[in-house]
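One structure is given here, and the rest of the page talks about it.
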Amino acid sequence: MVGQKNKNKSIGCFVMVILAISIFAIIGFYTDENSTNTSSQSAQPAHEDKADKTEAIIMAEKFVKDRLVSPSSAKFPWRSSETTAVKVDEYTWVISSYVDSQNKFGAMLRTYYIAKVKYLGNDKWQLLDLEFYEK
């Protein structure tokens, strides 16, 4: 008799778990369906596909890092006053800054650079020009 009670309790718990999962699934489906309808009525897109200053700087740093002897040692300035970003047109930026990185002998060197980057859309960027120089 005790075994039968435990079996009934187990079946009852199992049914409650299945019921709870079903309710959450129905609520989730209903919420997703309503949010899709609401967002399609919006006049403004959720994300504008444009290049901004911060993204241009980040991408210029990536292009610079890709060309270093020791990319993992690269340190870029964290203060915005040490980096200049000039918008040439709607999609093109010229970034001027520096990077501290190790050379092939392991010595840390500061190298200045000017990078011209262009936003192509869909989170894709193109490096148009990159010049390294020392002061």
Side-chain angles (χ1 to χ4, degrees):
M1 179 134 188
V2 173
Q4 183 67 22
K5 282 186 179 181
N6 284 341
K7 189 175 182 181
N8 287 342
K9 281 185 181 180
S10 295
I11 292 173
C13 287
F14 179 75
V15 169
M16 291 300 289
V17 168
I18 297 297
L19 183 62
I21 291 172
S22 299
I23 290 172
F24 284 119
I26 291 169
I27 290 171
F29 176 76
Y30 181 75
T31 304
D32 286 346
E33 189 175 73
N34 281 348
S35 67
T36 303
N37 291 338
T38 310
S39 65
S40 66
Q41 295 172 358
S42 174
Q44 288 281 47
H47 171 68
E48 289 187 32
D49 197 23
K50 290 187 177 181
D52 71 7
K53 178 180 177 178
T54 303
E55 289 176 4
I57 292 170
I58 290 169
M59 291 311 299
E61 289 176 357
K62 181 192 174 307
F63 288 125
V64 167
K65 198 173 187 179
D66 289 345
R67 283 150 182 82
L68 295 175
V69 173
S70 178
S72 62
S73 69
K75 304 285 185 232
F76 293 92
W78 57 272
R79 291 189 319 205
S80 62
S81 63
E82 296 178 282
T83 300
T84 304
V86 177
K87 191 172 187 176
V88 176
D89 60 39
E90 188 176 357
Y91 300 105
T92 308
W93 292 82
V94 174
I95 311 300
S96 176
S97 189
Y98 67 85
V99 59
D100 294 327
S101 66
Q102 290 179 346
N103 65 8
K104 63 183 176 183
F105 302 108
M108 289 296 283
L109 297 177
R110 176 162 292 180
T111 305
Y112 293 86
Y113 67 88
I114 297 174
K116 188 174 186 179
V117 294
K118 182 174 185 173
Y119 183 63
L120 303 175
N122 296 321
D123 294 326
K124 294 188 189 310
W125 289 79
Q126 178 183 15
L127 178 64
L128 300 176
D129 190 31
L130 179 60
E131 295 178 35
F132 291 101
Y133 63 97
E134 295 182 23
K135 282 190 175 182

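What you are looking at is a predicted structure, and each value in this text was computed from that prediction instead of being measured.
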Legend entry - Closest approach of Asp52 to Trp93 (non-hydrogen atoms, all atoms of both residues): C-CZ2, 3.7 Å
Legend entry - Any donor-acceptor N or O pair under 3.5 Å, side chains Thr83, Ser97: yes
Inset, instruction - Can you measure from NZ (Lys104) to CG (Leu109) and round to the nearest 0.5 angstrom? - result: 11.5 Å
Inset, instruction - Using the side-chain contact (heavy atoms from CB on, under 4.5 Å) rule, pick out the option among Glu82, Lys75, Glu134 that qualifies with Tyr98. - result: Glu82
Legend entry - Distance-minimising heavy-atom pair for Leu127 and Phe63: N-CZ, 3.7 Å
Legend entry - Atom pair CD (Gln126) and CE (Met59), whose distance is rounded to the nearest 0.5 Å: 11.5 Å
Inset, instruction - Mind listing the closest non-hydrogen atom pair of Ala56 and Val117 along with its distance? - result: O-CG2, 4.0 Å
Legend entry - Path from Ile114 to Val88 over hydrophobic side-chain contacts below 4.5 Å: yes
Legend entry - ILVMFWY cluster, Val64 and Val94 together (side-chain gap under 4.5 Å): no
Inset, instruction - Decide whether Ile95 and Phe132 are clustered together by the hydrophobic rule: side chain heavy atoms of Ile, Leu, Val, Met, Phe, Trp, Tyr closer than 4.5 Å, transitively. - result: yes
Legend entry - Atom pair NZ/CD1 of Lys65 and Ile58 - distance to nearest 0.5 Å: 12.0 Å
Legend entry - Donor-acceptor under 3.5 Å (Ser73 side chain, Gln102 main chain): yes
Legend entry - Over 12 foreign heavy atoms within 6.0 Å of OH, Tyr91: no
Inset, instruction - Report the C-alpha separation of Glu61 and Ile57 in whole Å, then their side-chain angles, then the decisive distance to 0.1 Å, and conclude whether the side chain to side chain contact (heavy atoms under 4.5 Å, CB included) test is met. - result: CA-CA 6 Å; Glu61 289 176 357; Ile57 292 170; 3.7 Å; yes
Inset, instruction - Look only at the side chain of Asn103 and the backbone of Phe105, and say whether a donor-acceptor pair between them is shorter than 3.5 Å. - result: yes
Inset, instruction - Looking only at non-hydrogen atoms, find the nearest pair between Trp125 and Glu55 and report the distance. - result: CZ2-CB, 3.7 Å
Legend entry - Distance, nearest 0.5 Å, that separates OG1 of Thr92 from NZ of Lys118: 5.0 Å
